[in-house]
Number of protein chains: 2
Amino acid sequence: MTTPRRPKPGDLVIDPLPPARTHPVSERLRQIYAEAARLFVEKGYDATSMSDIAQAVNITKAGLYHFVKSKEDLLMTIVTHGMDQLFDDVVEPARAVADPAERLSLIVRNHVMNIGRVRGRSGNPLTIIADDVSGLGGERKRQIDRRKREYFDLVRDTLGALQARGDIDGALDITVCAHNLIGVILWTARWRRPEGRASRDDVAEQILAFVSRGVLARRPPDTSTLANLPTDR
Amino acid sequence: MTTPRRPKPGDLVIDPLPPARTHPVSERLRQIYAEAARLFVEKGYDATSMSDIAQAVNITKAGLYHFVKSKEDLLMTIVTHGMDQLFDDVVEPARAVADPAERLSLIVRNHVMNIGRVRGRSGNPLTIIADDVSGLGGERKRQIDRRKREYFDLVRDTLGALQARGDIDGALDITVCAHNLIGVILWTARWRRPEGRASRDDVAEQILAFVSRGVLARRPPDTSTLANLPTDR
DNA sequence: TTGCAGAAACCGACCGACCGGTTAGTCTGT
DNA sequence: ACAGACTAACCGGTCGGTCGGTTTCTGCAA
């Protein structure tokens, strides 16, 4: 029952969803994790059967069990890998940035880029499904929840630092703001289509503008003082 | 195969999840829809069995099928009812408001209040699960999607009107903004606990402030001109 | 007030399909 | 020879749903 190691920087980690193993992870295994992740995201964990996954990689269910211990293990590995990516791409880089405004920009940009990234032939890694971990039993669920909490705290503390130095209106509840911000980011996974009009970069910049200035803020300090009248109809 | 009617104003609609029936809908039926909704939200549609639902209302599965035609019917009725509420509480009132800024406020407030409302002994009505309608076949899924689209268009058009009159920065993509806004609202269903610190009203006002002014907008037009320096530190 | 028919409410037993997972054994490359 | 990759057949169990029957409620004629 050792806690599953996650790849350290310099680990030569292979692109899509590698299990914690030594180097030449078999192509099959990669394929299995990639297809399983795609199906879990597409149809949901409960609605995806092991036969579905087996069929997607062109082996029988028994063949699939040659590589994988259980369905729950499969989910745990996938979600853990998604979390690893989140920490490698977002959390650790963010912690290296001292200025909270810059840190916030980095978090938004990197997280949005992380979501919807297409790796190999797999669909987008999850983070979304990380919310759908009800299929995980006791200790493993707690492990994922702890890392989600860690990420949330990073965001909230960053907003807290901004509020402390006066960059955020004191009337705003930074805990609620942190939820809102994360909600906006994660929501992109549900509406953005890779083939759509908006690229990942576009969306990242749009979201940054959205959360920074808000939707109703007029562009520069408006030159005409008329703008401040109470509800002009 | 007539399209299921939804209650018109003045219909004397009974509180939690009534099927389309004449007045004295049986208590059992109300209980069934309420418990089913609670379980679907709690564990997900696929992970909830008909036996679970039957047990929750203290009858056998066969007894349950006396009231309900199929599991999919149950889901469809619940989701349709959730949509009805969204339209009654948010869309139709919003359409009666001419000013787009006021309309936006109404949408945010009423939608946040609608989510997490507790009716009778049922949990919060869904709108969340309206995203989880993969269990619905062809035509019925399309029917729900059409109404989701209608709501989305209302939000986007409202933002469009605000942008047209200069209240929203021209650089912002209002389609992305609409997604962001809806994401923030729906996300509340995933993190807000009724017993928690923040009331529904609190959250509604916080979100309104969040999307209006953004997080990084300093309070009033800062009196010291020093504030406009490029990235201090 | 009673008797009773019919409808609504409900149950125990059961169905075929499919679930996650296992077994025993067969290929194939080294 | 042997190990990894893989399969056909199968396991106990649960799924959504059905069946035939019994109880309980309700309206109404005598």
Side-chain angles (χ1 to χ4, degrees), chain A residues 18-19 21-37 39-40 42-79 129 132-138 140-141, chain B residues 14 18-37 39-40 42-79 129 132-138 140-141:
Chain A
R21 288 263 260 99
T22 47
H23 193 129
V25 183
S26 87
E27 171 57 24
R28 253 288 137 74
L29 208 35
R30 297 238 301 285
Q31 206 186 347
I32 287 171
Y33 281 109
E35 286 299 308
L39 287 169
F40 285 167
E42 223 169 70
K43 317 200 303 172
Y45 176 71
D46 287 302
T48 303
S49 72
M50 291 302 265
S51 310
D52 291 338
I53 299 169
Q55 197 173 11
V57 295
N58 263 326
I59 53 175
T60 61
K61 193 171 49 151
L64 175 60
Y65 271 97
H66 175 68
F67 298 94
V68 157
K69 212 178 73 189
S70 72
K71 195 188 180 188
E72 190 187 321
D73 264 37
L74 198 45
L75 176 61
M76 184 62 183
T77 303
I78 288 170
V79 171
I129 218 182
D132 182 15
V133 289
S134 51
L136 257 31
R140 317 182 95 174
K141 177 158 173 20
Chain B
I14 289 168
R21 287 264 259 100
T22 48
H23 193 128
V25 184
S26 88
E27 171 59 24
R28 254 288 136 76
L29 207 36
R30 298 237 302 285
Q31 206 186 347
I32 288 171
Y33 282 110
E35 287 298 308
L39 287 169
F40 285 166
E42 222 167 72
K43 315 200 304 172
Y45 176 70
D46 287 302
T48 303
S49 73
M50 292 301 264
S51 310
D52 291 339
I53 298 169
Q55 195 173 9
V57 294
N58 263 326
I59 54 175
T60 60
K61 194 169 50 148
L64 174 60
Y65 271 95
H66 174 68
F67 297 94
V68 156
K69 216 177 70 191
S70 71
K71 194 187 181 187
E72 190 187 321
D73 263 37
L74 198 47
L75 176 62
M76 183 62 182
T77 303
I78 288 171
V79 171
I129 218 182
D132 182 15
V133 290
S134 52
L136 257 30
R140 319 183 94 175
K141 177 160 172 18

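A note on names: the letters A, B, ... follow the listed sequences, proteins ahead of strands, and every chain is numbered from 1. Given the structure is predicted, the values throughout are model-derived calculations rather than measurements.
Applying the side chain to side chain contact (heavy atoms under 4.5 Å, CB included) test to Glu72(B) and every residue at least two apart in sequence or in another chain returns Tyr45(B), Ser70(B), Leu136(B), Arg140(B). Applying the side chain to side chain contact (heavy atoms under 4.5 Å, CB included) criterion to Ala62(B), with sequence neighbours excluded, gives Thr60(B). For Lys61(B), there are no side-chain hydrogen bond (donor to acceptor under 3.5 Å, both in side chains) partners at least two apart in sequence or on another chain.
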Distance-only donor-acceptor hits, side chain of residues 48-56 of chain B, under 3.5 Å, sequence neighbours excluded:
from     : atom 1 : to       : atom 2 : distance (Å)
Thr48(B) : OG1    : Leu39(B) : O      : 3.4
Thr48(B) : OG1    : Gly44(B) : O      : 2.7
Ser49(B) : OG     : Ser51(B) : N      : 3.4
Ser49(B) : OG     : Asp52(B) : N      : 3.1
Ser49(B) : OG     : Asp52(B) : OD1    : 3.4
Ser49(B) : OG     : Asp52(B) : OD2    : 3.3
Asp52(B) : OD2    : Lys43(B) : NZ     : 3.1
Asp52(B) : OD2    : Ser49(B) : N      : 3.1

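Counting 5' to 3', DNA chain C first comes under 4.0 angstrom of a heavy atom of chain A and last does so at the ends given by dC19(C) to dT23(C).
The structure places CD of Glu35(B) at 11.5 Å from CG of Leu64(B), a figure rounded to the nearest 0.5 Å. To the nearest 0.5 Å, atoms NZ (Lys71(A)) and CZ (Phe40(A)) are separated by 5.5 Å.
Spacing between atom NZ of Lys71(B) and atom P of dT18(D) amounts to 15 Å, rounded to whole angstrom units.
What you find for Ile78(A) and Ala37(A) is that their closest heavy atoms are CD1-N, 3.7 Å.
One finds no side-chain N or O of Ser49(B) lying less than 4.0 angstrom from the OP1 or OP2 phosphate oxygen of dT14(D).
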Protein-proximity profile, nucleotides 3-10 of chain D, B/S/- by nucleotide at the 4.0 Å heavy-atom cutoff, equals -SBBBB--

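Judged by distance alone, the side chain of Arg28(A) and the main-chain N or O of Val57(A) form a donor-acceptor pair under 3.5 Å.
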